[in-house]
Amino acid sequence: MPGPASPAEVPAEEPGHPLLQRRFTARLLPRLRLLVEECAAREGLCEPRRGEFVLAVGEIAGNAVEHAGGSGRLELRRVGDELECRISDTGPGFSEAVIPELLPGLDGAPKGRGLWLARLVADRFAVSAAAPEAGAPGTVVTLAVRLR
C-alpha cells in the first residue's frame, strides 16, 4: 500500500474560492452590483461594510466601462478571511499614483472620486498592469475587505 503523497505530488490549491466571474458592459452594471451584493451577503459581509464594498466595486467597474473601452471582467473570490474583487480591462492603463490623496474636488482634481472611494473602503487595494510580462494593455484593480 503506498504511503501518503509527498508535498511535491499534492496539487497546489488555487488561492481563494471563486464566487463570481462575469464580463460586463455599462448595460450590465446594475446586475453586476446586485450579484456582488448577494455573494458578499452569502459570505457573511455585514452592513454597512457590504454596502460600502458594493459601492466601491461598482465605481471601479464603472471606470472600466468609461475609460477602458466599454467593458471589463470581474472576479470575486473568498481568500482566507477576505472577500477579494479583481476588475480587469483592456484600456490604456494607469497607476495608483493618479489616485488623489484628498477627496477629489477639495484638491482641485475634477475626477477620481471612484478610485479614491475604493481605496478608502478597501482593507487591501492595488492597481497593476493586466499582463506586464506580455506588454499587453489593460489594468487590474484589486480590492478586498475583511469578513471578520
Side-chain angles (χ1 to χ4, degrees), residues 9-148:
E9 297 174 55
V10 177
E13 289 185 355
E14 188 172 284
H17 172 106
L19 303 170
L20 177 65
Q21 297 177 336
R22 288 284 191 283
R23 293 204 173 279
F24 60 86
T25 61
R27 185 180 62 78
L28 299 173
L29 286 175
R31 176 77 177 137
L32 186 72
R33 286 190 290 269
L34 179 64
L35 291 169
V36 169
E37 180 158 14
E38 289 171 352
C39 287
R42 250 191 335 270
E43 293 302 310
L45 185 60
C46 297
E47 290 293 352
R49 291 291 285 159
R50 183 170 66 236
E52 294 168 350
F53 181 69
V54 171
L55 178 63
V57 167
E59 288 292 325
I60 300 302
N63 281 350
V65 167
E66 183 179 348
H67 302 291
S71 67
R73 186 175 191 288
L74 177 140
E75 185 173 306
L76 187 66
R77 294 181 167 272
R78 178 158 186 171
V79 180
D81 68 345
E82 289 184 327
L83 192 57
E84 178 188 89
C85 183
R86 290 182 184 204
I87 297 173
S88 56
D89 63 50
T90 57
F94 68 96
S95 76
E96 241 178 289
V98 302
I99 303 171
E101 291 295 321
L102 296 173
L103 174 62
L106 297 179
D107 65 355
K111 295 189 177 202
R113 285 187 179 98
L115 290 166
W116 177 84
L117 173 76
R119 187 173 63 189
L120 183 69
V121 165
D123 293 314
R124 186 165 49 86
F125 182 87
V127 176
S128 60
E133 66 282 346
T139 303
V140 178
V141 176
T142 303
L143 58 151
V145 291
R146 284 187 293 280
L147 292 168
R148 298 181 192 118

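In this chain, residues are counted from 1 in sequence order. Atoms considered below: every heavy atom in the structure, side chains included; atoms not considered: hydrogens, waters and symmetry mates.
- The side-chain heavy atoms of R42 and L19, taken from C-beta on, include no pair separated by under 4.5 Å.
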Could you tabulate the donor-acceptor pairs under 3.5 Å formed by side-chain atoms of residues 26-39, not counting sequence neighbours?
none

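- Residues forming a side chain to side chain contact (heavy atoms under 4.5 Å, CB included) with E59 (at least two apart in sequence, or on another chain): L55, L117.
- A pairwise comparison of heavy atoms in S71 and T25 identifies CB-CG2, 4.2 Å as the closest pair.
- Put simply, SG on C85 and CZ on R77 are 11.5 Å apart, with the number rounded to the nearest 0.5 Å.
- Residues satisfying the salt bridge (charged side-chain N to carboxylate O under 4.0 Å, His left out) criterion with R23, sequence neighbours excluded, are absent altogether.
- Legend: residues meeting side chain to side chain contact (heavy atoms under 4.5 Å, CB included) with A144, ordered by chain and number and at least two apart, are E82, E84, R124.
- How far CG of L74 is from CG of D89: 12.0 Å, rounded to the nearest 0.5 Å.
- You'll find the side chain of E47 stays beyond 4.5 Å of the side chain of E52, heavy atoms only.
- For D123, the salt bridge (charged side-chain N to carboxylate O under 4.0 Å, His left out) test picks out R49, R146, with sequence neighbours left out.
- Going from atom CZ of R119 over to atom CG of L143 covers 12.5 Å, rounded to the nearest 0.5 Å.
- Atom CZ of R86 has 12 or fewer neighbouring heavy atoms from other residues, nucleotides or ligands inside a 6.0 Å radius.
- Side-chain contact check for V127 versus V140: every heavy-atom pair is 4.5 Å or farther apart.
- Rounded to the nearest 0.5 angstrom, E43 CD and L147 CG are separated by 7.0 Å.
- In terms of heavy atoms, A56 sits closest to A118 at CB-CA, 3.8 Å.
- A heavy-atom distance below 4.5 Å is found between the side chains of F24 and I87.
- Note: F125 CZ to L115 CG = 5.5 Å, rounded to the nearest 0.5 Å.
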